[in-house]
There are 2 protein chains.
Amino acid sequence: MGRPGKPTGVRQNRTRPAVLGALARGPASGYEIRRRIESSFGHFWQESLGQLYPTLSALSGEGLIRVADEGGHGDRKRVRYAITKAGREALALWLKEAPAPHVERNELLLKVFFANEGKLADALAHLESSLRDAQAQRDILLTLAKEIFPTGEPRETEALLGWLTLDYGLVGLRAHIDWCEGALRRLRARAR
Amino acid sequence: MGRPGKPTGVRQNRTRPAVLGALARGPASGYEIRRRIESSFGHFWQESLGQLYPTLSALSGEGLIRVADEGGHGDRKRVRYAITKAGREALALWLKEAPAPHVERNELLLKVFFANEGKLADALAHLESSLRDAQAQRDILLTLAKEIFPTGEPRETEALLGWLTLDYGLVGLRAHIDWCEGALRRLRARAR
DNA sequence: GGAGGCATGTAACCTGTTACATGATTGC
DNA sequence: GCAATCATGTAACAGGTTACATGCCTCC
């Protein structure tokens, strides 16, 4: 007759594996981890510093990471962490688990779906804006791809994995752009 | 010199507009709203009952919806709500606002990106599983599309909006499936 | 001297999920 | 009689964002 609200189900903290993964590529401070995430897989993952710092403390307390270097260059305050053996094992364990099924919630589509309850022109504007954003984002990724992978598809496995995730972003944006254009074409006829 | 943590920024509750939109199509109880969402735009939006019921109370308290019908068929407990004039206005206002930029966090990609830190076979398994899920989901949407829109692209605006959102799901799944197949093809060579 | 980036950290708060609690009705 | 579905609702909690607080360093 357990008290109500005693949860037994596992809710995954997704910041932890992202941090472990980032540190698996080499020691870094919180701020650096943030930049590392942003620059190497920011197109499909974001972290806020307000979540990062407490996570670093927790992982450190559990022995999955350790302080590698304090103080840094000059007198500037900076705490660099390195992943430990236990941390690598925890990461490998997480990699083995099936990804948690993620709850889709697409606000743009919700606004399109209910567009008739307001002005159709509003939905048109949102679609145009989303199309522009996607095109800009695609240009950025395209440039990035040429920079990191100038010879195209890499042979080396680790590089290939990075290339694949970048490609995912590209094909997703391509699909998004095409759909937006089609939707705009169809809806513009009705807005007039 | 305000106390720290006094938030001024707007965080949007996205359950509210979804409920208002669902009720704009006609009165319904909490349970019915959930089914309505699931069946008509569940492929891009999900709601849990634990969030729905409190939201109904809140919206009712603000006069955006009202109790339309209590008790229902037989003696079965059921509270049906209807959207009010104020509710329709609030919905229209929300439709005018630009969608909040949503934070991408793709766990599958994170596992692919870091696959080298564990066994490559694990990532392969996740990709295969994701591919199967996407194919199954696509079959469901395809069947649904034939059921709801037997003549293909509808002429009527409201129906067209529904068709467009369904199409979004379809093109997204197509892109996901293609990418998974490509990734599997490339990675399988290395796993051997 | 000021702006902006580097850097760490905490407080408050919100959203949303899961589990629990309860009970009626329907179909087998 | 029992399982499944209908139906409403609450409690506890996790996860994560934003704002605040603080201070150094670099470049103009």
Side-chain angles (χ1 to χ4, degrees), chain A residues 1-19 27-39 45-61 67 69-81 100-105 107, chain B residues 1-19 27-39 45-61 67 69-81 100-105 107:
Chain A
M1 201 187 275
R3 260 161 51 263
K6 184 95 152 289
T8 54
V10 189
R11 207 101 49 89
Q12 293 293 48
N13 176 335
R14 292 130 87 237
T15 297
R16 293 164 55 99
V19 168
S29 68
Y31 206 84
E32 287 170 331
I33 290 172
R34 150 96 145 186
R35 270 198 277 110
R36 190 175 289 182
I37 290 177
E38 211 175 279
S39 64
W45 203 271
Q46 279 116 68
E47 286 293 347
S48 69
L49 289 169
Q51 182 80 341
L52 248 176
Y53 286 112
T55 300
L56 287 171
S57 299
L59 290 173
S60 184
V67 175
D69 177 32
E70 222 156 339
H73 66 286
D75 291 309
R76 196 162 208 146
K77 183 167 76 166
R78 177 169 53 185
V79 190
R80 273 223 177 81
Y81 294 90
H102 106 283
V103 181
E104 260 271 19
R105 279 192 147 190
E107 225 176 296
Chain B
M1 203 186 272
R3 259 159 51 263
K6 184 95 152 290
T8 53
V10 189
R11 205 102 47 92
Q12 292 294 45
N13 176 335
R14 290 128 90 238
T15 297
R16 293 163 55 99
V19 168
S29 67
Y31 205 84
E32 287 170 331
I33 290 171
R34 149 97 145 188
R35 271 198 277 109
R36 190 175 290 181
I37 290 177
E38 210 175 280
S39 65
W45 203 270
Q46 279 119 69
E47 287 293 345
S48 69
L49 289 169
Q51 181 80 339
L52 248 176
Y53 285 113
T55 300
L56 287 170
S57 299
L59 290 173
S60 184
V67 175
D69 178 32
E70 223 156 339
H73 66 286
D75 292 310
R76 196 159 209 150
K77 184 166 76 166
R78 179 171 50 184
V79 190
R80 274 222 176 83
Y81 293 90
H102 108 284
V103 182
E104 261 270 21
R105 278 191 148 191
E107 224 175 297

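Here is how names work: the chains are called A, B, and so on, in the same order as the sequence lines, proteins then strands, and each is numbered from 1.
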Indicate yes or no: at least one non-hydrogen side-chain atom of B:Trp45 is less than 4.5 angstrom from one of B:Arg14. yes

Tell me whether the OP1 or OP2 atom of D:dG15 has a side-chain N or O from A:Arg14 closer than 4.0 Å. no

If you look at every heavy atom in B:Ala18 and B:Glu47, which pair is closest and at what distance? CB-OE2, 3.9 Å

Phosphate oxygens OP1/OP2 of D:dT18: is one of them under 4.0 Å from a side-chain N or O of A:Ser48? no

Take atom CZ of A:Arg16 and atom P of D:dA14, then tell me their distance rounded to the nearest Å. 12 Å

Does some side-chain heavy atom of A:Glu104 sit less than 4.5 Å from a side-chain heavy atom of B:Gln46? yes

CD of B:Glu47 versus P of D:dT8: gap in Å, rounded? 15 Å

Specify the separation, in whole Å, of atom CZ of A:Arg78 and atom P of C:dG9. 13 Å

Going by number, which of residues 27-39 of chain A have a non-hydrogen atom under 4.0 Å from DNA chain C? A:Ser29, A:Gly30, A:Tyr31, A:Arg35

So, is A:Asn13 near the phosphate of D:dG16, with a side-chain N or O under 4.0 Å from OP1 or OP2? yes

Would you name the heavy atoms of B:Tyr31 and B:Tyr53 that are closest together and state the gap between them? N-OH, 3.6 Å

What's the OH-P distance between B:Tyr53 and D:dA7, to the nearest Å? 8 Å

Is the shortest side-chain heavy-atom distance between B:Ile33 and B:Leu56 below 4.5 Å? yes

Do any side-chain nitrogens or oxygens of A:Thr15 fall under 4.0 Å of OP1 or OP2 in D:dG15? no

Whole-Å distance separating the CD atom of B:Gln51 from the C1' atom of C:dA19: 15 Å

Nucleotide D:dG9, atom P - distance to CG of B:Leu56 in whole Å: 8 Å

Rounding to a whole Å, what distance do you find between A:Lys77:NZ and C:dG9:P? 6 Å

Do the side chains of B:Arg80 and B:Glu32 get nearer than 4.5 Å, heavy atoms only? yes

Could you check how far CG of B:Leu49 sits from P of D:dT5, rounded to whole Å? 14 Å

Grab the two heavy atoms, one from B:Glu107 and one from A:Ala100, that are nearest each other, plus how far apart they are. OE2-N, 3.4 Å

Under 4.0 angstrom between A:Arg105 side-chain N/O and C:dG16 OP1 or OP2: yes

